[in-house]
There are 2 protein chains.
Amino acid sequence: MKMSKAEQKQQTMQKLIEVAREMFSKQGYADAAMEDIVKQAGVTRGALYHHFGSKEGLFQAVLASVQKEIGDRVEAEAAKSEDPWQQLILGCLAFVSSAVEHHNKRILLIDGPSVIGWETWRRMDEENSMRHLREQLLTMQEQGYLRPVSIDALTHLLSGAMNEAVLWISETPDHEKSLKEISTAITLLLEGFRAK
Amino acid sequence: MKMSKAEQKQQTMQKLIEVAREMFSKQGYADAAMEDIVKQAGVTRGALYHHFGSKEGLFQAVLASVQKEIGDRVEAEAAKSEDPWQQLILGCLAFVSSAVEHHNKRILLIDGPSVIGWETWRRMDEENSMRHLREQLLTMQEQGYLRPVSIDALTHLLSGAMNEAVLWISETPDHEKSLKEISTAITLLLEGFRAK
DNA sequence: TTAACATACATACAGAATGTATGTAAAGTG
DNA sequence: CACTTTACATACATTCTGTATGTATGTTAA
């Protein structure tokens, strides 16, 4: 079983990301020691620093993988309808529910902005998981579904609202109930922007 | 000029909080070294650990002071109207604009949840700066101003939206312009919850 | 008023964690 | 087949938090 350098690299990085993702989400970034990560991944500090350069670099890789997973689910869910308004609502709810299910909220929403800085975090968020939201809103405004309003402002308001919703739901004892409450509230919230 | 223990304590703590607030907001929590903080405050590590117990303890004290400042401004602003609906809008805008002005967003919104944990951060936020939002919404619902909706859910949605708005505005080149856009958007957003 | 005590620090040190410099074996390349 | 690059391992330097201990000064009660 000979391995090419490329395969080896891919495999080592993947393993490190997996292990790090687990530890970052359970202990938080600050309390996860590189020493433990490499030990559990079966390599040494050398491998980690060779591929990721720093602890922050590793975190960024982990964050990207989490964002991508959620982004894919949102996209798939939104595509289930033809009506733009319905697509928007479906996408929002898909984001909230899939982010809640995923036990990586800490990486995605809590440590993310703090560790890599808000600007970088925002850029990554937009590229991976929030891209469609902005596009969807832009399209809807062009087609006259929305009242006149700054799309950038609206995008951030919605994004912030949903992120906080995810964290809140995760803290409540009855996820299903609070998810329903959030769904209702988001639907009403969006109603405010519907062109009359 | 003899100083009582109580005075001395008060003075040292205040000075440490001031210095720490400066460094936390400029360099971020992780990159602010206790050594530098105590040096700049003119005391030693002993004093810091005596009063605050840990770096996290110091941060929590700093966060509380920032939250209190903003909370006071929000309260004052909201009290300028008699109409509940107007009060709500005034309070929201006061929060956003005063948090934007304040150059401690990093402490308040970015490092806060990460350093002391989201649950603790939320509790502090509710006690200091977001308390009135929830109360205001509750009152308004009782008086029939709002559609039937979970107040908890709504509170978190609004809070999250505004926090994100603050960060976004801070990043834009023209604060005044983006603040206006956010104001419009928030007003529309709230409109969705108005009882018909 | 003075002995006993508590408080507010200072100092030195221990422990842990990140990052870096250097070495090495294997794969890739001309 | 020489030689270069890559993917690591290992040892070490640095830095930072937290703790243990010492001390001077203010406070309190007999």
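Residue numbering restarts at 1 for every chain, and letters A, B, ... go by the order of the sequence lines.
Checking side-chain atoms of T184(A) against main-chain N and O of K180(A) turns up a donor-acceptor pair under 3.5 Å.
Phosphate contact (OP1/OP2 of dA8(C), side-chain N/O of T12(B), threshold under 4.0 Å): absent. Taking side-chain N and O atoms only, H50(A) has no distance below 4.0 Å to OP1 or OP2 of dT6(D). Between Q8(B) and dT7(C) there is no side-chain polar atom (N or O) within less than 4.0 angstrom of OP1 or OP2.
For E82(B), the CD atom counts as loosely surrounded, since its 6.0 Å shell holds 12 or fewer non-hydrogen atoms of other residues, nucleotides or ligands.
When each of L108(A), V166(A), N104(A), N128(A) is tested with I70(A) by the rule side-chain contact (heavy atoms from CB on, under 4.5 Å), just one qualifies, namely L108(A).
The nucleotide whose nearest atom lies closest to any side-chain atom of A47(A) is, among dA7(D), dC9(C), dA9(D), dA9(D). When the nucleotides dA10(C), dC8(D), dA8(C) are ranked by their closest atom to the side chain of K9(B), dA8(C) comes out on top.
With respect to K177(A) and E181(A), a salt bridge is recorded, a charged nitrogen being found less than 4.0 Å from a carboxylate O. Under 4.0 Å is where a charged nitrogen must lie from a carboxylate oxygen, and between E164(A) and R122(B) at least one such pair does.
In this structure, I37(B) atom CD1 and dT17(D) atom C1' are separated by 12 Å, rounded to whole Å. Here dT17(D) presents its C1' atom at 12 Å from CZ of F24(B), a figure rounded to the nearest Å. The interatomic distance linking D31(A) (CG) with dT17(D) (P) rounds to 14 Å, in whole Å. The interatomic distance linking L48(B) (CG) with dA8(C) (C1') rounds to 13 Å, in whole Å. Rounded to an integer number of Å, the gap from Q10(B) CD to dC9(C) P is 12 Å. Summarising the geometry, the separation between CZ on F52(A) and P on dC8(D) is reported as 10 Å, rounded to the nearest angstrom.
Using cut-offs of 30° and 60° for the angle between ring planes, the H156(B) and W118(B) rings count as tilted.
With sequence neighbours excluded, the residues that form a side-chain hydrogen bond (donor to acceptor under 3.5 Å, both in side chains) with T172(A) are S178(A).
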- [ ] Do nucleotides 13-23 of chain C as a string where each nucleotide becomes B, S or -: B if the base has a protein heavy atom under 4.0 Å, S if just the sugar-phosphate does, - if no protein is that close.
- [x] ----SBBB---
